[in-house]
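Note on naming: letters A, B, ... go to the chains in the order of the sequence lines (proteins, then strands), and numbering restarts at 1 for each one. Just so you know, these numbers come straight off a predicted model, no measurement behind them.
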Amino acid sequence: MEEKNYQHNKIKIDHRLKKNKQFNYIFRKGIKYHSKNFNLYAVSSKFKTYKIGYSISKKEGKANKRNLLRRRLKEIVRKNQLVKDNYNYILQAKNGATLLTYSEIEHQLINLFKKHEENKSF
RNA sequence: AUUGUUAUGCAGACAAUCGCAUCAAUUUUGAUGAGGAAAGUCCGAGCAUCAAGAGAACUGGGUGCCGAUUAACGAUCGGUGGAGGCGACUCUAAGACUAGUGCAACAGAAAUAAACCGCCGUAAAAGGUAAGGAUGGAAAGGUGGUGUAAGAGACCACCGCUUAGUUAGAGAUAACUGAGGCUCUGUAAACUCCACCUGAUGCAAGGUCAAAAGGGCAUAUGUGCUUGUUCUCUCACGCCCUGAAUGAACCGCUUGAACUUAUUGGCAACAAUAAGUCUAGAUAGAUGAUUGUCUAAUACAGAACUCGGCUUAUAGCAUAACUGACCGC
RNA sequence: GCAGAGAUGGCCGAGCGGUUUAAGGCGCACGCUUGGAAAGCGUGUGAGGUAAAAAGCCUCCGCAGGUUCGAAUCCUGUUCUCUGCG
């Protein structure tokens with residue numbers, strides 16, 4: 001019974017960044033990658049899993065627009081398996097990213113994470 | 001067929017695959033999962049804390065035609081008066097400047113008070129007068145007549161104002177009759193007066209884990225307190241810091257002035273009764289992606305303690321009642 | 001989520017019912033001064049529309065209504081900006 005619970009917990013690891021501290025740390029120390037509508041901050045971490053946070057300023061739109069964008073970002077990251085272990089990320093939206101369609105966002109994000117991959121290999 | 005006016009409803013549905021949150025089961029399944037405004041935070045409540053309570057005076061804040069509804073309200077409904085529209089109908093912070101005070105620039109002779117021009121009068125003055133002129137947002141009730149030296153509510157008719165009575169009404173008020181002859185400029189979203197209401201802070205409230213031990217201040221003619229100020233009385237005997245953290249978890253957290261349907265009462269807001277239902281509860285914060293079918297399906301927009309309103313944003317479709325103009329009979 | 005403050009010429013900033021929208025400073029333009037500059041002194045200077053130009057007229061104190069004879073100022077709604085609360 002206990003083993004099962006343990007396994008269950010192991011499957012459900014929290015991949016979210018939660019604390020303001022963590023966000024500030026990554027904003028300061030992270031390696032930055034830019035596209036037209038998004039910034040990616042990446043920092044290597046001592047943990048084996050990854051964590052990712054999404055940052056959308058209030059200037060980008062009203063609450064429901066921001067919510068929609070965040071959900072789409074989460075969906076794209078999950079579906080394309082863009083994120084690698086041992087890293088912490090922040091995805092920041094800018095310049096009217098809420099106006100983009102799903103496919104446009106997907107295109108930009110894949111390119112962004114490609115840059116990150118190339119940088120890592122060097 | 002057209003033109004408006006008012007009211008109401010919907011705010012996509014179904015299926016498949018992958019994915020999220022909560023709760024059940026339990027080992028891979030099932031159920032449920034944002035709005036009409038969830039928004040603005042403009043009002044009113046519940047709930048919590050300020051050790052507890054009673055009372056008085058002053059101050060501050062709010063509301064302001066009448067009646068009803070409501071847990072309550074600055075909300076709602078039905079009326080009255082006023083304003084707009086040919087009309088259906090819509091809008092209305094609408095007590096009192098005859099308690100007192102303030103303000104009213106410029107213009108104008110004069111701004112709450114009277115005479116510049118004028119008119120009458122006369123030899124000329126004195127004197128009488130406020131019709132006409134000019135200014136202004138406002139100029140001494142208005143229009144027409146009688147009257148007169150010229151004029152004037154001096155007198156008359158109509159209209160307006162103030163006021164008394166009668167009738168109708170629950171009342172605001174309305175209608176009628178009489179009186180005053182008009183004394184009384186506007187402004188209270190100026191101070192103020194009158195009537196009524198009103199403690200403060202907001203779930204980031206607040207509580208549990210949270211105790212030991214140590215330290216400081218005060219120790220009754222004292223301290224504390226009812227969170228705008230002061231006072232009276234009852235009352236309590238302690239308060240603060242370290243421990244104790246830029247911490248985690250849990251509670252608060254969703255069954256409620258709840259929702260749906262029916263009946264009854266009421267013009268209506270709404271209320272009562274009966275039956276049925278349980279319907280988000282996250283905490284970097286749960287609803288997305290792809291595809292198909294139907295369709296007018298697009299807009300504004302995302303719960304964060306919970307309710308009742310108000311205000312603002314909003315595509316398209318549908319329904320009902322009524323208004324005007326035109327055509328036909 | 002809750003609570004509070006503000007918005008005035010190109011910039012800062014006073015004014016809080018009254019006369020032509022606006023004190024003062026910075027800035028800008030021109031002149032004086034100087035061999036030349038800086039500093040100093042003096043004069044002028046908001047924007048848009050109308051207009052050939054000048055003069056004049058109209059609109060503008062975040063935006064939209066209302067009260068008032070009259071609103072940058074008072075009241076209501078709204079938009080944006082900023083601050084505090086664990």
task = Measure from NZ on A:Lys65 to C1' on B:A39 and round the result to the nearest Å.
result = 13 Å
A:Asn64 vs B:A301: side-chain N/O to OP1/OP2 distance below 4.0 Å = no
remark   = Relative to its sugar, using the 90° cut-off around 0, the base of B:A39 is anti
Integer-rounded Å distance: B:A289 P and A:Leu73 CG = 12 Å
task = Using side-chain hydrogen bond (donor to acceptor under 3.5 Å, both in side chains) as the criterion, list what pairs up with A:His107, not counting sequence neighbours.
result = none
message = Roughly how many Å apart are B:A39 and B:C307, using the P atom of each and rounding to a whole number?
response = 11 Å
ask   = Taking only residues two or more places apart in sequence, or in another chain, which ones meet A:Asn67 in a side-chain hydrogen bond (donor to acceptor under 3.5 Å, both in side chains)?
value = A:Arg70
query = What integer distance in Å separates A:Glu106:CD from B:G19:P?
reply = 17 Å
ask   = Less than 4.0 Å between a side-chain N and a carboxylate O, is that true for A:Arg72 and A:Glu75?
value = no
From A:Leu112 atom CG to A:Ser35 atom OG, the distance as rounded to the nearest 0.5 Å = 4.0 Å
request  = Check whether any side-chain heavy atom of A:Gln108 sits under 4.5 Å from a side-chain heavy atom of A:Leu100, and report yes or no.
outcome  = yes
ring-ring contact (aromatic ring centres under 6.0 Å, His included) involving A:Phe113 - partner list, sequence neighbours excluded = A:Tyr89
query = Between B:C184 and B:A105, how far is it from one C1' atom to the other, in whole Å?
reply = 26 Å
task = Taking atom P in both B:U76 and B:U312, compute the distance separating them and give it to the nearest angstrom.
result = 12 Å
inquiry  = My understanding is that a pair needs two contacts under 3.5 Å, Watson-Crick or G-U wobble. By that rule, which nucleotide pairs with B:A268?
reply    = none
query = Syn or anti: how is B:U254 classified when any glycosidic angle within 90° of 0 counts as syn?
reply = syn
ask   = Mapping A:Gly53 and A:Ser103 to their closest nucleotides on RNA chain B, which lands nearer the 5' end?
value = A:Gly53
task = Name the orientation of the base relative to the sugar in B:U279: syn if the glycosidic angle is within 90° of 0, else anti.
result = syn
task = Using both distances under 3.5 Å as the test, list the Watson-Crick or G-U wobble partner of B:C91, or none.
result = B:G82
ask   = Side chains of A:Asn37 and A:Ile105: does their closest heavy-atom pair fall under 4.5 Å?
value = no
message = Syn or anti for B:G288? Use the chi torsion, O4'-C1'-N9-C4 for purines and O4'-C1'-N1-C2 for pyrimidines, with syn inside 90° of 0.
response = anti
ask   = What interatomic distance, in whole Å, is found between C1' of B:G12 and the corresponding atom of B:U3?
value = 33 Å
query = What is the distance from CD1 of A:Ile76 to P of B:U290, rounded to the nearest Å?
reply = 9 Å
task = Any strand is fair game: report the nucleotide pairing with B:C77 by Watson-Crick or G-U wobble, both distances under 3.5 Å, or none.
result = B:G67
query = With both distances under 3.5 Å as the test, what is the Watson-Crick or G-U wobble partner of B:A154?
reply = B:U146
inquiry  = From NZ of A:Lys62 over to C1' of B:A301, roughly how many Å is that when rounded to an integer?
reply    = 8 Å
query = Distance between the C1' atoms of B:A114 and B:U129, in whole angstroms?
reply = 12 Å
key: Separation between the C1' atoms of B:C270 and B:G78, rounded to whole Å   = 12 Å
remark   = By side-chain hydrogen bond (donor to acceptor under 3.5 Å, both in side chains), A:Asn80 pairs with (sequence neighbours left out) A:Glu106
inquiry  = Rounding to an integer number of angstrom, what distance separates B:A280 and B:A286 when you compare their C1' atoms?
reply    = 9 Å
query = Applying a 3.5 Å limit to both distances, which nucleotide forms a Watson-Crick or G-U wobble pair with C:G65?
reply = C:C75
request  = Quick one: look up who B:C23 pairs with, Watson-Crick or G-U, both distances under 3.5 Å, and put none if it's unpaired.
outcome  = B:G30
Are any protein N/O atoms closer than 3.5 Å to N/O atoms in nucleotides 286-288 of chain B? If there are, list each pair with its distance.
{"unit_1": "B:A286", "atom_1": "OP1", "unit_2": "A:Arg70", "atom_2": "NH1", "d": "2.8"}
{"unit_1": "B:A286", "atom_1": "OP1", "unit_2": "A:Arg70", "atom_2": "NH2", "d": "2.1"}
{"unit_1": "B:U287", "atom_1": "OP2", "unit_2": "A:Arg71", "atom_2": "NE", "d": "2.5"}
{"unit_1": "B:U287", "atom_1": "OP2", "unit_2": "A:Arg71", "atom_2": "NH2", "d": "3.4"}
{"unit_1": "B:G288", "atom_1": "N2", "unit_2": "A:Glu75", "atom_2": "OE1", "d": "3.3"}
{"unit_1": "B:G288", "atom_1": "N2", "unit_2": "A:Glu75", "atom_2": "OE2", "d": "3.2"}

request  = Quick one: list whatever passes ring-ring contact (aromatic ring centres under 6.0 Å, His included) with A:Tyr54, sequence neighbours left out.
outcome  = none
message = Please report the distance separating the P of C:C26 from the corresponding atom of C:A39, rounded so that it comes out in whole Å.
response = 12 Å
message = When both hydrogen-bonding distances must be under 3.5 Å and the geometry is Watson-Crick or G-U wobble, what is B:U255 paired with, if anything?
response = none
Nucleotide forming a Watson-Crick or wobble pair with B:U185, both distances under 3.5 Å = B:A104
request  = Calculate the interatomic distance between A:Ile52 atom CD1 and B:G285 atom P; express it in whole Å.
outcome  = 11 Å
